[in-house]
Each structure stands twice: as C-alpha cells, then as structure tokens.
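Taking it in order: structure first as structure tokens, then the write-up.
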Amino acid sequence: HAALERLAAEIDRDATVVALTGAGISAPSGVPTFRGDDGVWDHFDEGQFTYGRFRSDPAGFWEDRIELQRALFGDDYEPNAGHEALAELGRDGYLDAVLTQNTDGLHGDAADALDDETPILELHGNARRVRCTDCGTRREGDPIFERAADGELPPTCDCGGIYKPDVVLFGEQLSGAVIQRARSLTAESDIFLGIGSSLVVEPAASLPREAATTGATIGIVNLESTPVDGVADAVSHVDVTDALPRLQSLLADRDRLE
Ligand code: APR
C-alpha cells in the first residue's frame with residue numbers, strides 16, 4: 001500500500017482531485033469488463049455495436065443490443081465498496097470530479113445514497129436511458145428495451161424517430177461539451193487518478209497524459225498494468241474494493257489526527 005500512502009499524502013481539500021474510472025470499478029458489482037480474461041468482447045463482436053451499424057441496420061443493432069445489455073447489466077447490480085469510497089471522498093471534500101467511461105449508472109447510485117454532489121461526467125453516456133435520434137427526447141430505457149424484446153425492432157419514438165441507447169457507440173463522436181469539460185477538469189487537476197480502466201480507448205486514454213503535462217500527480221489503481229503506468233507517480237495493482245476504501249480511510253484517519 002506504499003503507492004496509496006504516497007497518494008494520500010498529496011491529497012488534501014485544497015488540491016483538485018479528478019478520478020477517471022472504467023469497467024474495473026464496476027466488475028466487483030458483477031458488471032463484466034470489456035477486456036482481460038472473459039471480457040465482453042470475447043463473447044460479443046464490437047463490430048455489431050458501431051454507430052454505422054445502428055444507422056444502416058437499426059433492427060439488427062437493437063436485437064444484438066438487447067443481448068449485450070442483459071450480459072452487461074443482468075438484473076440487480078449495485079454499487080460496490082469502490083464506488084462508495086469515491087462517493088465518500090467526494091462528500092468529504094477530497095474528490096472534485098469523477099469522469100467515467102462506464103454507462104452503468106453506478107457512480108450516480110453511490111453518490112445519491114451518500115448525498116454526494118461531486119460532478120460525475122458520463123463520457124460514454126448512460127445505458128439506463130434511451131434517446132430519440134430525431135427529436136432528441138431522452139427517457140428511461142427499461143420500457144423501451146421491453147418493447148424491443150417484445151419485437152418492436154427498432155423501437156420508435158412518438159415523433160416517428162428511432163430510439164438509440166443513450167451511450168456513445170464505436171465510431172460516434174462524444175458530446176463536445178462533455179469532452180471539453182473533462183479536458184478542462186483534467187488540466188486543472190493537481191491529482192489525476194486512473195481507476196479500473198485499461199486506458200486504451202480514446203479520449204480517456206489521453207486524459208492522464210494531459211494531466212501529467214500540466215503537472216498533476218498521476219495515480220493508477222488497476223488490477224492489470226496500463227500503458228499509463230510508465231508516466232504515473234503511484235501505481236497500485238490492487239482490487240478497487242481494497243484500494244479505494246483504504247485510500248478513503250487513510251484520509252479519514254489523518255483528519256481525525258489533525
Ligand atoms: N479492481 C481493479 N481493477 C480491475 C478490477 C478490480 N476489481 N476488475 C478489473 N479491473 C481492471 C482490468 O484489469 C482492466 O484493465 O479494469 C480494467 C478494465 O478495462 P476494460 O475492460 O478495457 O474497460 P474500460 O477501460 O472501461 O474500457 C473502455 O472500452 O469497450 C469500450 O466503451 C467501452 O467504456 C468502455 C471502453
């Protein structure tokens with residue numbers, strides 16, 4: 001835990017701390033990761049979930065997407081100790097923003113449970129919602145997924161437009177506003193944490209390097225090594241449910257001593 005102690009020593013309420021998270025923080029909640037052993041992309045073909053396919057074959061896209069959502073989100077997945085530790089760090093004034101690549105909504109659940117207001121930027125959107133590609137209406141996804149599973153392929157909005165899961169598909173641009181905000185938070189950060197991500201998919205993979213160029217301390221918490229480990233100041237190849245509660249308790253203990 002030397003790496004975590006080094007990170008804890010740099011984190012204080014005046015420092016701007018930004019956490020970038022990936023599928024690894026939701027793995028302990030039962031949400032499968034995309035890469036690594038038995039990853040989602042070993043069972044599903046990424047090519048079936050591109051924006052191009054959504055546009056050219058929305059019915060086929062939706063048929064496959066229903067299976068993918070079942071595999072990803074099962075029925076009852078809950079935030080785990082990793083999500084909760086980040087929400088506590090936010091509520092205690094240590095964490096200033098969470099940038100997540102995850103679309104499972106679990107950071108929001110943990111934040112709500114703790115009344116934490118730390119901004120959560122969902123870089124890849126949120127799979128619990130759908131959005132009409134014509135009128136832009138966003139709504140709760142479950143009823144629409146039901147309709148699709150019952151044969152409405154693709155499910156359509158009252159305006160006649162086709163619904164799309166409210167996530168960023170391969171080949172689709174991230175929302176300019178979201179990525180701009182993520183970039184400025186990264187540039188402002190004094191400490192930038194990469195948590196539970198293989199850090200190979202852009203733009204997330206570039207954010208830690210951008211933080212390093214503006215002088216931030218880079219911390220990595222990830223079971224496997226990442227391409228960013230080489231430029232990180234502290235690397236902890238430890239499970240998020242072990243590392244994050246430990247980081248949170250190191251800071252809480254220090255508060256008590258002060
Ligand atoms: N604790 C810590 N790290 C973990 C844990 C855990 N319990 N479980 C898995 N990991 C690590 C793995 O070692 C892996 O490096 O989490 C990382 C997950 O990496 P990916 O599966 O590649 O997920 P992610 O980095 O979020 O993928 C980015 O790729 O498919 C697209 O849009 C999708 O958002 C996703 C993006």
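For ligands, and for the atoms within them, numbers begin at 1 and follow the listed sequence. For the single chain, residues carry numbers from 1 onward in sequence order.
Residues Arg246 and Glu5 are paired through a salt bridge, judged by an N-O separation under 4.0 Å between the basic side chain and the carboxylate. By the 4.0 Å N-to-carboxylate-O rule, Arg147 lies too far from Asp150 to be salt-bridged with it.
Checked against the 6.0 Å centroid threshold, Phe145 and Trp62 count as a close aromatic pair.
Rounding to the nearest 0.5 Å gives a distance of 10.0 Å between CD1 of Ile66 and CD of Glu146.
The side-chain tip of Arg13 points at the ring of Tyr94 from less than 6.0 angstrom away and within 45° of straight on.
Around ligand 1 you find Gly22, Ala23, Gly24, Ala27, Pro28, Thr33, Phe34, Arg35, Trp41, Gln101, His124, Phe170, Gly196, Ser197, Ser198, Val201, Asn222, Leu223, Glu224, Val238, Asp239, Val240, each with a heavy-atom distance below 4.0 Å.
In the hydrophobic clustering, where aliphatic and aromatic side chains (Ile, Leu, Val, Met, Phe, Trp, Tyr) are joined below 4.5 Å either directly or transitively, Leu257 stands alone.
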